[in-house]
**Q** 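One structure follows; several queries about it will come next.
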Amino acid sequence: MTEELAHTRIEVTGESAYPIIIGRSVLGELPRLVGERAKNILIIHSGSVAAYAESMRTQLQSHYDQVLVAEVPDAEAAKRVEVAAFCWQVLGQADFTRTDAIIGLGGGAVTDLAGFVAATWLRGVTLVQVPTTVLAMVDASVGGKTGINTAEGKNLVGSFYAPSGVLIDLDFAASLPENEVRAGLAEVVKCGFIADTDILGIIESHLEDALDTGSGTFAELVTRAVRVKAHIVSADFKEAGQREFLNYGHTLGHAIEHAERYQWRHGAAISIGMVFAAELGRLTGSLSDEDVARHRRILSSLGLPVSYPQGRWPGLLATMQRDKKARAGMLRFVVLDAIGKPSILAGTDDSMLFLAYQELSSPSES
Ligand code: GLY
């Protein structure tokens, strides 16, 4: 079952073509992805991976005239315009030209910021993403969504900007806290429910290995999830169609993240969102009781939450409605016509949403 991953190369095709390299100890591939035109490199990284950034700098110094590092805050605090301005200042002071390159090294927030800085410096310079969390490996670093937050909301400023390559070194996952690995696997499970159903079977039959970042099973799961995402963004880079399926569990999940003041891990919030979407699927007659139970079983087995307090519904609905208005559309949910077959449910009446929520809510705050 295990794929040998010395080097797996997945191609994103279409209007934004680039390779994704997955493996262990693959950082040596970095110069190839950056290309030969760059003379100057800026590694944008968070404090939690400062040691990796330093060794990357040492390794790259023989290839380029100048390799700089810019340390930015961890997590969402990185995605502020002041932090982007700091990076622009570093680029300006070091005379970065249009042929130079930026490397984003870190979790999803850092790769989103680095992407945004690369997209905006001189109207776009070479970008290579090197994700260090499971979430960033399977989702944030792939697909070219870049952005920062404003006081009014998350990801309100940004652009679709394809990297020149994504380098996924699975060895980074070894140093992650267990909860972070579990939360990252929520996006892998999502890829299982919307496309590659073998992912679900692998987790069900090899749970312990799935959680062991050094195992071939973990490598296979990451690779399969990246393949799902690469396939979807190859067909729909700018989210005009099927890319929306990647938002399975995200409509309610984003509202939960908001309710939890962004202190929850994204994967935990979308885990509940996926159970909600599954309950919606059951109410519309598409999914069976067993399909919904399978959602709960798999997500719970990974230690992810599958319920949320009953009294929170009005607030969650209000947040989802606001989000809908901000994005000038109807309230939309990705649901499943069957496991592995996503579709969109729009304009659902509030009573049906409430019924679905009733099924996953816990009676009291806990
Ligand atoms: N995270 C969903 C997407 O990249 O479209």
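First listed ligand is number 1; within each ligand, the first listed atom is number 1. Because the structure is a prediction, the values reported are computed rather than measured.
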**Q** Clusters formed by hydrophobic residues whose side-chain heavy atoms approach within less than 4.5 Å: which one holds Leu91, and what are its other members?
**A**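 Members alongside Leu91: Leu42, Ile44, Leu68, Val72, Val81, Val83, Phe86, Trp88, Val90, Phe96, Ile102, Val110, Leu113, Phe116, Val117, Trp121, Leu122, Val125, Leu127, Ile148, Val157, Tyr161.
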**Q** Quick check on ring pair (Phe, Tyr, Trp, His ring centres under 6.0 Å): which of Tyr308, Phe333, Trp313 does Tyr357 satisfy it with?
**A**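 Result: among Tyr308, Phe333, Trp313, Trp313 is the only option passing the ring pair (Phe, Tyr, Trp, His ring centres under 6.0 Å) with Tyr357.
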**Q** If you take the nearest heavy atom of each of His250, Lys229, Lys238, Arg243, which one is closest to atom 5 (O) of ligand 1?
**A**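 Shortest heavy-atom distance from atom 5 (O) of ligand 1: Arg243.
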**Q** Would one find an N or O of Lys145, backbone or side chain, under 3.5 Å from an N or O of ligand 1?
**A**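 Yes: some nitrogen or oxygen of Lys145 is under 3.5 Å from one in ligand 1.
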**Q** Considering only heavy atoms of Asp139, which atoms of ligand 1 have at least one such atom less than 4.0 Å away?
**A**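 By the 4.0 Å cutoff, the relevant atoms are 1 (N), 2 (C).
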**Q** Please list, one pair per line, the donor and acceptor atoms closer than 3.5 Å that link side chains of residues 55-62 to other protein atoms, with sequence neighbours excluded.
**A**
{"residue": "Ser55", "atom": "OG", "partner": "Tyr52", "partner atom": "O", "Å": "3.2"}
{"residue": "Arg57", "atom": "NH1", "partner": "Val67", "partner atom": "O", "Å": "3.4"}
{"residue": "Arg57", "atom": "NH2", "partner": "Glu54", "partner atom": "OE2", "Å": "3.1"}
{"residue": "Thr58", "atom": "OG1", "partner": "Glu54", "partner atom": "O", "Å": "2.9"}
{"residue": "Gln59", "atom": "NE2", "partner": "Leu27", "partner atom": "O", "Å": "3.3"}

**Q** Would you kindly specify which portion of Val233 sits under 4.0 Å from ligand 1, judged on non-hydrogen atoms: side chain, backbone, both or neither?
**A**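 Looking at Val233 and ligand 1, no heavy atom falls under 4.0 Å.
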**Q** So, Arg24 and Asp169, do they make that salt bridge, N to O below 4.0 Å?
**A**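 Looking at Asp169 together with Arg24, the answer is no, because their closest N to O distance does not fall below 4.0 Å.
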